[in-house]
Amino acid sequence: MNFANLNIRLFNLKHTFESAQPLAFYADYNEVANSLTYPSGGHVINIRRVKESDSLFVTSNNMDYAVKEVRERFRLDDRMNFIYKQINTDNFMDSAIKNFPGLRLTLNDPWEATLVFILSQFNNVKRIRKTTKSMIEKYGERISGEYDNKIKDFPESERIADASEKDLVKCGAGFRAKYIRDAAEFCTYNINLESLKGKKYDEIKETLLEIKGVGDKVADCIALMGFGKLEAFPIDRWVKRTMERVYFKGKETSIKKIAEFASERWGDYAGYAQQYIFWNGRTEG
DNA sequence: ACCCAGGCGGGCG
DNA sequence: CGCCCGCATGGG
């Protein structure tokens with residue numbers, strides 16, 4: 001078994017895994033070992049963050065693939081000190097950053113992001129995870145050669161496009177089953193998400209909005225966590241609630257106004273600000 | 001029992 | 001446009 005030791009600062013695996021990003025819905029986190037195991041591109045990757053050190057151990061049967069994947073997935077080349085400087089605009093942001101230092105945005109496969117964020121609408125993390133796991137088990141390809149062959153890959157859109165709505169409901173998708181099936185068909189036969197990589201935020205979002213079941217918030221989540229567009233600012237009920245309290249004197253404020261506020265204040269790094277607002281808002285008692 | 005969940009499409013004015 | 005409603009389902 002091969003491994004690599006990356007030298008990484010300001011990367012907290014626990015916060016990153018727990019903060020309801022796509023990996024939270026299917027990766028397996030071991031808190032004692034502070035290690036994360038997940039399938040990717042036909043391989044199983046394990047990373048272990050050594051506490052009180054700057055070491056990140058990567059283990060896989062294909063190290064060339066794994067090291068590159070981990071670097072990209074966890075945005076390890078982001079200059080966190082610089083980003084913090086951009087988004088630490090006030091006392092609230094300062095405490096959010098201090099509460100979750102090293103919480104990183106992740107960069108995920110666009111189709112993965114599309115599926116899990118459609119599934120996330122009007123749903124809770126526990127159930128999103130249960131349903132995602134169930135879909136992986138039912139439609140994912142088996143990965144051979146590691147971990148007792150227990151881990152399957154995230155299913156390609158084609159597999160989900162071939163599924164029946166009824167079977168997706170059985171996985172726990174509820175009323176979102178229809179959206180997920182339509183999205184899978186659309187992503188398999190109508191648009192090529194891969195070809196959107198490198199396009200601008202506006203064009204990516206506009207294209208994503210053509211998918212039925214993808215609205216403003218989900219499109220921004222995909223732009224941010226599937227395409228790495230850091231200016232995207234997804235506004236869900238937690239972000240809205242938290243921002244109304246912190247920045248709008250507790251008054252109901254339209255999503256449009258909140259989006260304008262965020263864009264003005266955090267600009268090109270609004271997406272990072274959003275993840276800290278979201279997670280700080282969700283976790284405070 | 002009752003409330004809530006990383007929203008969305010559709011129908012209405 | 002903006003507003004309002006229903007939506008499947010399980011966990012707290």
Side-chain angles (χ1 to χ4, degrees), chain A residues 15-27 96 100 103-108 110 112-135 138 163-187 205-230 232-246 251-260 262 270-285:
Chain A
H15 299 333
T16 302
F17 167 71
E18 287 183 341
S19 60
Q21 300 187 239
L23 281 169
F25 305 132
Y26 67 94
F100 301 101
L103 165 54
R104 300 263 184 158
L105 278 173
T106 57
L107 178 55
N108 306 272
E112 278 182 29
T114 301
L115 194 159
V116 300
F117 282 115
I118 289 175
L119 189 53
S120 77
Q121 64 175 87
F122 198 37
N123 209 344
N124 60 65
V125 172
K126 273 243 166 84
R127 225 165 69 88
I128 299 166
R129 181 175 167 91
K130 198 175 168 192
T131 305
T132 306
K133 285 264 198 189
S134 158
M135 285 185 184
K138 192 168 173 66
S164 73
E165 189 182 326
K166 200 173 160 189
D167 283 341
L168 295 178
V169 169
K170 252 189 225 168
C171 290
F175 66 89
R176 310 159 198 85
K178 184 172 175 46
Y179 296 152
I180 289 171
R181 231 199 62 76
D182 286 353
E185 258 187 41
F186 200 71
C187 293
K205 186 167 175 183
E206 192 184 344
T207 306
L208 291 171
L209 285 173
E210 292 176 29
I211 303 171
K212 202 166 173 182
V214 173
D216 222 49
K217 186 267 176 186
V218 168
D220 273 326
C221 279
I222 302 167
L224 183 61
M225 295 176 228
F227 290 97
K229 297 299 169 187
L230 295 184
F233 191 83
I235 302 172
D236 74 325
R237 56 185 70 203
W238 293 98
V239 171
K240 185 168 187 291
R241 208 178 287 166
T242 305
M243 286 185 67
E244 283 169 347
R245 178 171 60 73
V246 176
K251 277 192 292 190
E252 277 264 2
T253 308
S254 70
I255 288 184
K256 187 168 183 243
K257 274 193 175 174
I258 293 175
E260 284 167 5
Y272 252 107
Q274 180 273 164
Q275 192 62 19
Y276 280 83
I277 294 165
F278 165 74
W279 195 236
N280 201 67
R282 276 228 47 180
T283 52
E284 65 192 358

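Chain letters run A, B, ... following the sequence lines, proteins first and then strands; every chain starts at 1.
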Taking the side chain as every heavy atom from C-beta outward, state whether [X] and [Y] have any atom pair closer than 4.5 Å.
| X | Y | result |
| --- | --- | --- |
| A:R104 | A:Q21 | no |
| A:L115 | A:F25 | no |
| A:T131 | A:R176 | no |

Flag yes if more than 12 heavy atoms outside A:E165 fall under 6.0 Å of its CD atom; otherwise flag no. yes
Quick one: [X] [atom1] to [N] [atom2], roughly how many Å, whole number?
| X | N | atom1 | atom2 | result |
| --- | --- | --- | --- | --- |
| A:I211 | B:dG9 | CD1 | P | 11 Å |
| A:F175 | B:dG9 | CZ | P | 11 Å |
| A:R241 | B:dG7 | CZ | C1' | 13 Å |
| A:W279 | B:dA5 | CH2 | C1' | 13 Å |
| A:K240 | B:dA5 | NZ | P | 13 Å |
| A:F278 | B:dA5 | CZ | C1' | 11 Å |

Sorted by position of nearest nucleotide on DNA chain B, 5' first, the leading residue of A:K212 and A:I235 is A:I235
Please figure out whether A:V214 or A:R237 has its closest DNA chain B nucleotide nearer the 5' end.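 Counting from the 5' end, the first nearest nucleotide belongs to A:R237.
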Mutual orientation of the aromatic rings belonging to A:F175 and A:F122 [parallel < 30°, tilted 30-60°, perpendicular > 60°]: tilted
Can you pull out the residues from residues 113-129 of chain A that lie within a 4.0 Å heavy-atom distance of DNA chain C?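 Those residues whose heavy atoms fall under 4.0 Å from DNA chain C, taken from residues 113-129 of chain A in numerical order, are A:F122, A:N124, A:K126, A:R127.
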Using the P atom as the point on both nucleotides, what is the distance between B:dG9 and C:dG10, in whole Å?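 Taking atom P in both C:dG10 and B:dG9, they lie 24 Å apart.
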Given the P atoms of B:dG11 and C:dA8, what is the spacing between them in whole Å? 15 Å
Output all residues satisfying salt bridge (Lys or Arg N to Asp or Glu O under 4.0 Å) with A:R282, sequence neighbours left out; order by chain, then residue number. none
Report the residues that fulfil salt bridge (Lys or Arg N to Asp or Glu O under 4.0 Å) with A:D216, sequence neighbours left out, ordered by chain and then residue number. A:K205
Enumerate, in order of first residue number, the stems that involve DNA chain B, defined as 3 or more consecutive Watson-Crick or G-U wobble pairs with both distances under 3.5 Å. B:2-5 with C:9-12, B:7-13 with C:1-7
Okay, side chain of A:T114, backbone of A:P110: is any donor-acceptor separation there less than 3.5 Å? yes
Outermost DNA chain C nucleotides near chain A [under 4.0 Å, heavy atoms]: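 Counting from the 5' end, contacts occupy C:dC7 to C:dG12.
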For A:Y179, the ring pair (Phe, Tyr, Trp, His ring centres under 6.0 Å) test, sequence neighbours excluded, returns none
A:K138 versus A:D167, closest heavy-atom pair with distance: CE-CB, 3.8 Å
Identify the two heavy atoms, one from A:K133 and one from A:Y26, that lie closest to each other, and give their separation to 0.1 Å. NZ-O, 3.3 Å
Are any of A:R176's side-chain N or O atoms less than 4.0 Å away from OP1 or OP2 of B:dG7?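 No, A:R176 has no side-chain N/O under 4.0 Å of OP1/OP2 on B:dG7.
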Residue whose closest nucleotide on DNA chain C lies nearer the 5' end, A:G172 versus A:K256: A:K256
Applying a 4.0 Å non-hydrogen cut-off, can you work out what A:T131 is touching in the nucleic acid: base, sugar-phosphate, or nothing? nothing
Pairwise distance CD(A:E18) to OG1(A:T283) - rounded to 0.5 angstrom: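 That separation rounds to 9.5 Å.
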